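The structure appears below as structure tokens.
Note that the coordinates shown come from a computational prediction; the quantities given were computed from them, not determined experimentally. The sequence lines fix the lettering, A, B, ..., with proteins before strands; numbering per chain opens at 1.
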Amino acid sequence: MGIKFKRVEFKYQGFDEKGYLALSNINLTIKPQGEFITLIGETGSGKTTLVQHMNALLTPTSGEMDILGAIINQETIRKKSVKLNPIRQKVGLVFQFPEYQLFEETVEKDIIFGPKNYGVSETEAIQRAKELIKVVGLNESYLSRSPFNLSGGEKKRVSIAGILAMNPDILILDEPTSGLDPMGRDELLKVFFDIHQRLGKTVIIITHDMNTVFHYAKRVLVMRDSYLVYDGDPMNLFTKKNIEHWNLDIPDILKLTYQIEERLDVTFPTRPRNKEALLEMLKELEA
Amino acid sequence: MNSIEIKNVSYQYQPNKPVLQEINLTIKKGEWVTILGHNGSGKSTLSKLIIGLLKPKTGEINVNGIPLTQETVYDIRQKVGIVFQNPDNQFVGVTVRDDIAFGLENLQIPREEMIERIETYARKVNVLEYLNKEPHALSGGQKQRVAIAGILAMHTDIIIFDEATSMLDPKGRNMVLETMKQLRHEGKTIITITHTMNEALLSDRIVVLKDGRILKEGSSQTILKDKTTLEKSNLEMLLPLKVLYDLEQENYTNKRIKDLLWELSLNV
């Protein structure tokens, strides 16, 4: 089960005949539970198009998707032989500017809109809203407020609560922390990591922040010019691959490690994954 | 000469909910100042006041020595350009060339001169080859540089970057940072609004806003090691300094490494 891409290609039809190839020959398997994946790559490389295939918002131009057992290809969509609603409920996608999608009078109404649409009773949905507003780091008093008077960061949190209220198995977030201050960013990342760890859900995050990738992800996907060019461990990516060629940055912790090695003319035995590991290495050096 | 003088300025969107309170700030010509602060600290409101998109409830703002009023606001906007956070939200033209021309048309610049200015500034920020493209076909970093060209072409001498790099990929961010450095070199007055420390470090002076007030102000090098101020305002210290402070907590003695960490924090 899970989400499978099988030789997926996607072409945006433009004004000219050629169109624009956004995905080329994507083969990828994502487990329905327990994954924490970051998806990176420069602007225009196909990241957003890739995740929009994961809940069948887009249909492959060629190849096919297997989303939790439902086959999505040109034929199944044309014949309407596949039900999309259950997919959208199980694979929750938070868009890049979720704050643009808030529309109800109150935060509570916004959060319960999704679950009610999928047949959850109003009482149950309100109960979920009360729990989830805390999960995303706000308090219950927010439920009665208008979503339009909230700050950017607060709006993001509300829209994430709205997706979580549908109780998806897989949660996908398109650049969820861009524009947030460092503390807001870290708080939100902890929320996602918590959802992954405590509830065992698969979480997929699109980001440009290499520190996020290095610190949190167990698995990292790199897109480049419509191709999936890397699928694996972040440490291996940042220490062994030619990432400049993919227009990626090095995480701060590695950058600092390399600078120290160069200036002190030493070679550390390992590469630190976080600040604590680097501190240990520096203490070793003193001794 | 002073580019911008903000005297005792306060602002509120809703009664009894002040967003900015008693702001006093003077920015000299050719200076690069960073306004640093958490989400909701009032940073963007301040930039909207400086370009006259909002009117202070109390206090006054002078730009190039001219008081900002209803009568002067259109003249002043020709002196102050702003680049916004979302590169997609600031295009009006069908092509990049049209877009840069837009501001110049408003100024009623003669056609010959307009063509010349477009080419000059497109070359300056390295977007010359995209002049005939549609803006939406460009990457985020390219779009932000087109926005900058449009501002420069109007011969503004003050440019505000309102979180202009926060939505860009690493390559786009570096492109825009390089352009900012070049503008400083040419003597432009620059105001960057950000919550990223390594961006703030490029500037001469940092003003830290918290809950609508100026919490602290000082040279970039002083603020960047001011742990208390940064923590109070939800900001993050640069990694080499974090490591340095952690080592000092544990009475680490290797001076060579400590000196190196301090040095590296200044060259991020």
Do B:Pro170 and A:Met210 come close enough that some side-chain heavy atom pair is under 4.5 Å? yes
Would you compute the distance between atom CD of B:Glu263 and atom CD of A:Gln259 and round it to the nearest 0.5 angstrom? 9.5 Å
Okay, B:Leu168 and chain A: the region with an atom under 4.5 Å from a heavy atom over there is backbone
Under 4.5 Å heavy-atom distance to chain A, tell me which part of B:Leu247 shows up: side chain, backbone, both or neither. both
Nearest-0.5 Å distance that lies between atom CG in A:Leu278 and atom NZ in B:Lys242: 12.0 Å
side-chain contact (heavy atoms from CB on, under 4.5 Å) between A:Ile260 and B:Leu261: does it pass, once the steps are laid out? CA-CA 8 Å; A:Ile260 294 173; B:Leu261 287 167; 4.1 Å; yes
CD of A:Glu175 to CG of B:Asp169, rounded to nearest 0.5 Å, is 8.5 Å
Note: B:Ser166 and A:Ser178 closest approach over all heavy atoms is O-CB, 4.0 Å
With a 4.5 Å cut-off on heavy-atom pairs, point out which of B:Val243, B:Asn234, B:Leu235 contacts chain A the most. B:Asn234
Option from A:Leu248, A:Asp249, A:Asn247 for which side-chain contact (heavy atoms from CB on, under 4.5 Å) with B:Lys171 holds: A:Asn247
Under 4.5 Å heavy-atom distance to chain B, tell me which part of A:Asp186 shows up: side chain, backbone, both or neither. side chain
Would you say B:Lys258 has more than 12 foreign heavy atoms packed within less than 6.0 Å of its NZ? yes
Between B:Thr253 and chain A, which part of the residue has a heavy atom less than 4.5 Å away: side chain, backbone, both or neither? both
Measure the shortest side-chain to side-chain distance between A:Leu282 and B:Ile257 over non-hydrogen atoms and say whether it is less than 4.5 angstrom. yes
Find the distance between OH (B:Tyr13) and CG (A:Asn149) and round it off to the nearest 0.5 Å. 12.0 Å
Output yes when a side-chain donor or acceptor of A:Asp181 lies under 3.5 Å from a complementary backbone atom of B:Asn39, and no otherwise. yes
Region of B:Glu163 in contact with chain A, defined by heavy-atom distances below 4.5 Å: side chain
Taking the side chain as everything from C-beta on, heavy atoms only, tell me whether A:Lys283 gets closer than 4.5 Å to B:Glu250. yes
Using atom types as modelled and distance alone, determine if a side-chain donor or acceptor of A:Asp252 lies under 3.5 Å from a backbone N or O of B:Pro240. no
Which pairs count as salt bridge (charged side-chain N to carboxylate O under 4.0 Å, His left out) when at least one residue sits in residues 137-149 of chain A, sequence neighbours excluded? A:Lys134-A:Glu140
B:Lys227 NZ: over 12 foreign heavy atoms closer than 6.0 Å: yes
So if I take each residue of residues 262-276 of chain A and look for any heavy atom under 4.5 Å from a heavy atom in chain B, which residues do I end up with? A:Arg263, A:Leu264, A:Lys275
A:Leu180 versus chain B, heavy atoms under 4.5 Å apart: side chain, backbone, both or neither? both
Nearest heavy-atom contact between A:Pro182 and B:Glu236 is CB-CB, 3.7 Å
Is it true that, when you exclude B:Gln182 itself, more than 12 heavy atoms of the residues, nucleotides or ligands shown sit nearer than 6.0 Å to its CD? yes
